[in-house]
Every structure is written in C-alpha cells, then in structure tokens.
Amino acid sequence: MTQPIHPIDVILHKRDGHVLSEDEIRAFIRAIVDRTPTNQLVTDAQIAALLMAVFQRGLDPHELATLTSAMRYSGEIFDATPLHTFTIDKHSTGGVGDKTSLLIAPILAAAGLASPTPAGIPGICVPMISGRSLGHTGGTLDKLETIPGFNTQLTLDQLFLTLEKCGAAMVGQTPHLVPADRILYALRDHTGTVESPFLICASIMSKKLAEDLKALVLDVKVGSGAFMPTYDQSKFLAELMVQTGETSGTRTVALLTGMDEPLGRFSGNWIEVWECIDIMRAQRPQDRHPMSTDLIELSNILSGWMLYLADHAITPEDGAVLSNEYLLSGAAYKAWLKIVATQCGDIAVFEDPAAHHQPTATRTLAATHSGYLANMDCKQVGWAVQRLGAGRAKPGDPVSAHAGIEMHAKLGAEIKLGQPLITLFSEDPDLLDEPEAMLRETLHIASTPPQTQPLIREVIQKK
Ligand code: URA
C-alpha cells in the first residue's frame, strides 16, 4: 500500500534542497485543486511555502516536467484528436504593441483551409488561447473584445466547432482549464514568487500543453520592454520551456526577439486591430504602412516556423515567404473574417476601421531637437499606454477600447526638430498628462545614429 503524502513533508523536502518525487508533486497539485472550504487538504500557507522553496531551490528537468504535467491535467483538457489536423500554437511572453497573434491565427487558418495538401500532409489548426493585458504589456483578448459582439469565452466544445469550421480560434482560458495555475498564480502574486523561471515555465507550458498541441512556437522577448529583466534570464526561460515542451512530446522552438520599442505602429486595443486589418487588406507591399514593417516581419517569421513545423514548408524561411503570400493575396483576411463572424463579431466595423477609433482626447508629442531616435525604456512606454487607460494595473480592472499611442518614428530614424514622435489617445482628457511626461522622459534623441539590433536575436531548439 502506498503511503499518504503530507504537504509539510513535500515542503521540507524542497526547502532542504532535495529532489521531489513524481508522487510528491502530483499529490500536492491534486490536493490544491481537490480541496474544499471544509476540507483543506493543503492550506494557502503551505502552497505559499512550497512556492518559496521552489523559488529558492529551483527544479531539475524531471521535476519541472512533472509539475507542468500535473498542472496541465489538473482540470479539463482540450482533445484535438477528432480534428485529424496538426494542432499548433504560438505564445509570446508579452510586449508593447505585440499584436502578432491577430495576424498569425488567420495566416495559419488560411494555410489550413488550403490543406490537406495534395501530398496528403495533414491540415493545420490553431487553438489560440490567449490572455488579457496586465502591467505594461497588452493582451490579445482585450484587443479582440473591441470588435462589437466578439465572443472570446468559448467552451471547449465551441472551440472545437470553431476550429473545425475556420482552422483557428482566438479565445480565453475556460474556468476549468488548468485550475491549478489560477490558484498558484494568485498566491505567487502575493508572495514575491512570480519571477521564478521554473514557476513561469510550468504556468505557461501547462496551459499551452492543455491545448493538445503537436508543436509550439515561443516568442520570448528580450530588451527593455521584456518581462524578464536580462537577456540571459530570457534565454534561460526559453531553454526551460523548450526542454519541457519536448519532454512532453510537443515539438517546441523558441525565438528570442527584440522588444526595445513598441512593435508596429499602434499600441492599445482597437487601434491594434485596425493596424492588423490594414496589413491584411494591403494587396501590394507598397500599400503597407512603413511603421508596421517590424510587425509584419515578426509575424511572417513566427508563422514561417509554424508552417515549417507543420510540414507545410521545407524551411522556416520558406514558411515566412508563404506566410507573406497569404497576407498579400487576401487569403489571411478572408480567414480572419470567417473566424470573427464565427465568434459572433460584427465584421461591418472593418469596412472603416479609422471611423471606429473614437478617443475623446488626443495629444501629439513633437521632437524638441533634431538628431536620431536613439533609445527608450520600452517598459515605460508600455506603462504610459496602460495609464492612458488601455491596460490594467490589477486583474479585473476595465480597459478602454480607444486609448493608446501611435508611434511616428522607429529607433534609428533621423528626426527633425518639431517632427511628431508619438500621438497619445485617451477616453479621458485628465489621463493625458502623466503618460505624456513619462514618454517625454524616456524618448532619447542623440546626435549620432544608434546601433540597431536585429529583430530575431537567437533561435532555441532541441539539441
Ligand atoms: N504568463 C503566465 O501565464 N504565467 C506566468 O507565470 C508568467 C506569464
């Protein structure tokens, strides 16, 4: 007969630097989700203590894979088997103006609609389960919910039907998917243990793996707007996630990508949807807005990797070319309209997206001298966007559909005195002053051009 596991023993074990057994980890996570108000199998204090022990001691690869798996199976999980497709997703660690999901889902759906290919390669589907804005980073769900009627709260059955019809869906986490993460995350937030790369990895990967993925592409941000403070910490997290994904049988690749300035032209909610509509409707490269170049490039590179992993391209580079073709041919836009309409969104707003942008207060910052846009603290730019009303300071806060910023110059651009640098939008004129001061403080114009960095810094994959 197996001995019962006591939470205190698991805590002491980790506190003292031992490796936890599979049974200990699985029993602890089960106790977290099975407890009731009258049967506290494990208390909040005990969970917090284990989180701190993990924060201090770390986890070895086997413990991390076990924790991720225990969390993944802590509630309902998505079963993609009956779709008979190659299920793939991408995840970004979050950034400012990062709207690649809004382009990648329709690009991959367009590829999925074109399949199965004559060679018999399975079709593709993208069950894109996304999050909300928090802190200095934006959230895909908040952007999508600016489309009148758009429903992000699908059940797993509705998700299945949307995937079957459209090849992609863009939804929020269901209340029953990975419940262990919800409990652990709330306690991490109160106990100074959010930053543990092991806990971040288990949190992200348990939710992604619950989508029943064959492959996953991770966009791990580096630079002043990244979630992790240093390049090495971002790289370490990327390596942990790749190793954990591969151990659980999901082909996983991470790209370390620059977040030294907002991605694309707009940062906010509806204005980011608008930017993506403009990109998907542009039929020629010259119709694309120059400020969207980095966004288009990153979306094509990430989609290219996804198409490559799904066997729809011979190399990731070929995949990026194919992705760009789906954009320019209008196939991605057609797929986008189908996804939005299926999720009850009103596609009539896309006819004139500029008219749907209705901030009540606008202000433009002009350059106070000539030179080159040399650097900025991108996190500070993200916080300015949040203070304009586009983001939230704590979970559950409302967000404004129309607040945000438009960048008029990229890092390295030559700037003339008086030239517009950034336009601020808000739904409340009183919310303009503080973000304006934050942006003025952080944008630096130098007399010589800065050294700019490539968008993709490194690719991490299984050795
Ligand atoms: N995103 C998550 O889902 N979990 C974390 O721990 C950090 C970022």
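As the structure lists them, so they are numbered: ligands from 1, and atoms in each ligand from 1. Since this is a predicted model, take the numbers as computed values, not measurements.
Below 30°, between 30° and 60°, or above 60°: for H356 and H402 the angle between ring planes is above 60°, a perpendicular geometry.
In this structure, the protein non-hydrogen atom closest to atom 3 (O) of ligand 1 is K207 NZ, 2.5 Å. Protein heavy atom closest to atom 4 (N) of ligand 1, with residue, atom name and distance, is S203 OG, 2.7 Å. At the top of the distance list for atom 1 (N) of ligand 1, counting protein heavy atoms only, stands I204 CG1, 3.8 Å. Taking atom 7 (C) of ligand 1 as the reference point, the nearest protein heavy-atom neighbour is I200 CG2, 3.8 Å.
A salt bridge does not link E275 to R265: none of the charged nitrogens lies less than 4.0 Å from a carboxylate oxygen.
Polar contact check, R188 against ligand 1: a nitrogen or oxygen pair lies under 3.5 Å apart.
Not one N or O on the side chain of D142 forms a donor-acceptor pair closer than 3.5 Å with the backbone of G391. Formation of a donor-acceptor pair under 3.5 Å by the Q343 side chain with backbone atoms of M170 is found in this model.
Residue-ligand proximity, Y185 to ligand 1, at heavy-atom distances under 4.0 Å covers atoms 4 (N), 5 (C), 6 (O).
A ring-centre distance under 6.0 Å is not found for F227 and H136.
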